[in-house]
K.L.:
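Mind having a look at this structure? Questions to follow.
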Amino acid sequence: MAEYKSLSPQQLRRELEALRQQYEAAQKKGLRLDMSRGKPGVTQLALSLGALDAVGSASSLKAEDGTNVCNYGAPLGLYEARRLMGEILELPPEQVIMGGNSSLNLMFDCVSQAYTHGLPGGKGPWCRQETVKFLCPVPGYDRHFAVTGHFGIEMIPVPMTESGPDMDVVEKLVAGDDAVKGIWCVPKYSNPTGYTYSDETVRRFGALSPAAGDFRIYWDNAYAVHHLYATDGKKDTLLNLMEELEKTGREDMAFLFTSTSKITFSGAGIAAVAASKTNIDCLNRRFALQTIGHDKVNQLRHVRFLRDITGIEAHMKRHEALLRPKFELVVRALSRELGPLGIASWTNPRGGYFISFDTLPGCAKRVIALCGKAGVTMTPAGATFPLGQDPEDKNVRIAPTFPDMEELREATDLFCLCVKVASLEKLT
Ligand code: PLP
């Protein structure tokens, strides 16, 4: 099939008619498939079941310093857990505080604390300020936008490029307006594009000059070790933001987050936040009011199971063996079915959990609706933009990890069919 734009109106109508028949046949299959959320598949979760046996007996419930993990104490988290998460973030354990089972929870809490009580370097709680703004690289992670949306924070979209957010825009916006208090970043294998910030981008983050003293970079390194091609020696690398900030004396300007949600168990892993001493002291005083300590049994379980960064890398290669074929299946199908038609573009990630897909302008909602009516659930169109509003209605997030290979093949084929139908409806 030739590019759609080279076809005559009559040819386009004929093609649409034929594809509608295929779609009706697909609807009758009664599919019930889900490509909506970036969840690990069951075979991935099985890779970590050994962690559950790692703290089996009473005698094994002691941390390295003798702490009994079944009791209160160690509010910052076990030292060895802070060391493990520090290795993922490339920071010393002293700069790391353990959270509970979710890094998103820590992000919400950091924003919430700033909103009610302010942050070091600022002029008090954000809730007392007329306007508070956040920069939101787009397409981005819907739950980040949901957090800032919850606090009524004004969200300013910043275009995402292959090397990270458009830094010309970021630098200008943060320098010119002290209401701009933060930026959401997924710096490695970003959600949903899969892009990793270039060295130049990280250096420019390290040298940012915001007007607001309580501006922070919310550096969500959720996919730090989630390579798809590590066994071939191909890993994206990310410059160490904290080192860059330290070079310019701006170490208070970032909160860094990570978790094992997509290393071990989603919703039952361990999470951490890292920052400068000033920020850690501030967070720690506030966290101490919330809990007498998070689940240290789970922290110990994770340390015993993963051991260190070498252990994590070996473990992630087992994930890679399961995930790479899924990503390649989707990208192959998109290239085969849509490549020649000139109606869409998509990313081809080297890591992470998502593929970002762009339809012709004005087609994304229709594609998702068509998929839904034929039994394939996709992330809602617009989710990758603040307030769910994609101005061009074209971005779709594809999450290939959860379905098994056969389900993924069926879901992707249906998705391609829906993209063709929606595009032809637009063009005819
Ligand atoms: N950050 C990003 C970029 C994510 O994609 C996700 C989950 O999809 C999370 C955070 C959630 O992490 P957690 O389970 O640690 O809260």
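Indexing begins at 1, ligand by ligand and atom by atom, following the structure's order.
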K.L.:
Could you report the tightest heavy-atom contact between Met378 and Arg397, atom names first, then the distance?
P.N.:
CE-O, 4.1 Å

K.L.:
I need the nearest protein heavy-atom contact for atom 14 (O) of ligand 1: residue, atom name and distance, please.
P.N.:
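For atom 14 (O) of ligand 1, the nearest protein heavy atom is Ser261 OG, 2.6 Å.
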
K.L.:
Side chain or backbone, does Ser259 bring an N or O within less than 3.5 Å of an N or O on ligand 1?
P.N.:
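Yes - when backbone and side-chain N and O of Ser259 are compared with those of ligand 1, one distance drops under 3.5 Å.
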
K.L.:
Suppose we measure from atom 12 (O) of ligand 1 to each protein heavy atom; which comes out shortest, and what is that distance?
P.N.:
Ser103 OG, 3.3 Å

K.L.:
With heavy atoms only and a cut-off of under 4.0 Å, state how Tyr223 meets ligand 1: side chain, backbone, both or neither.
P.N.:
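Only the side chain of Tyr223 comes within reach of ligand 1.
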
K.L.:
Please write down residue, atom name and distance for the protein heavy atom closest to atom 10 (C) of ligand 1.
P.N.:
Asp220 OD2, 3.4 Å

K.L.:
Under 3.5 Å, which donor-acceptor pairs link side chains of residues 354-369 to any protein atom two or more places apart or in another chain?
P.N.:
from: Ser356; atom 1: OG; to: Asn395; atom 2: ND2; distance (Å): 3.0
from: Asp358; atom 1: OD1; to: Asn395; atom 2: ND2; distance (Å): 3.0
from: Thr359; atom 1: OG1; to: Ala364; atom 2: N; distance (Å): 3.4
from: Thr359; atom 1: OG1; to: Lys394; atom 2: O; distance (Å): 3.4
from: Arg366; atom 1: NE; to: Glu425; atom 2: OE1; distance (Å): 2.7
from: Arg366; atom 1: NH2; to: Glu425; atom 2: OE2; distance (Å): 2.9

K.L.:
Hey, does Arg216 have a side-chain heavy atom less than 4.5 Å from the side chain of Asn279?
P.N.:
yes

K.L.:
I'd like to check whether Met107 has a polar contact with ligand 1, where a contact means an N/O of the residue lying under 3.5 Å from an N/O of the ligand.
P.N.:
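No, Met107 has no N/O under 3.5 Å of an N/O on ligand 1.
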
K.L.:
For the residue pair Lys326 and Leu228, establish whether any side-chain heavy-atom pair is separated by less than 4.5 Å.
P.N.:
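A side-chain contact under 4.5 Å is absent here.
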
K.L.:
Only one of Arg82, Lys277, Met242 passes side-chain contact (heavy atoms from CB on, under 4.5 Å) with Gln95; say which it is.
P.N.:
Met242

K.L.:
Which of these, Tyr353, Tyr189, Tyr141, Tyr197, sits in a ring pair (Phe, Tyr, Trp, His ring centres under 6.0 Å) with Tyr223?
P.N.:
Tyr353

K.L.:
Would you mind checking which non-hydrogen protein atom is closest to atom 16 (O) of ligand 1, with the distance to 0.1 Å?
P.N.:
Ser102 OG, 2.8 Å

K.L.:
Taking the inter-plane angle between the rings of Phe257 and Phe255 on a 0 to 90° scale, is it parallel (under 30°), tilted (30 to 60°) or perpendicular (over 60°)?
P.N.:
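Because their plane-to-plane angle lies in the 30° to 60° range, the rings of Phe257 and Phe255 count as tilted.
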
K.L.:
With a heavy-atom distance limit of 4.0 Å, tell me whether Lys262 approaches ligand 1 through its side chain, its backbone, both, or neither.
P.N.:
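Looking at Lys262 and ligand 1, just side chain atoms fall under 4.0 Å.
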
K.L.:
Provide, to 0.1 Å, the distance between atom 11 (C) of ligand 1 and the closest protein heavy atom, together with that atom's residue and name.
P.N.:
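Ranking protein heavy atoms by distance from atom 11 (C) of ligand 1, first comes Tyr141 OH, 3.6 Å.
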
K.L.:
Hey, is CZ on Arg350 packed in by over 12 heavy atoms from elsewhere, all under 6.0 Å?
P.N.:
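No, CZ of Arg350 has 12 or fewer neighbouring heavy atoms, counting only those of other groups under 6.0 Å.
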
K.L.:
One residue to check: Val186. Relative to ligand 1, which of side chain, backbone, both or neither has a non-hydrogen atom less than 4.0 Å away?
P.N.:
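Looking at Val186 and ligand 1, just side chain atoms fall under 4.0 Å.
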
K.L.:
Which of the atoms of ligand 1 are close to Ala222, meaning less than 4.0 Å from one of its heavy atoms?
P.N.:
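In order of numbering, the contacting atoms are 1 (N), 2 (C), 3 (C).
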
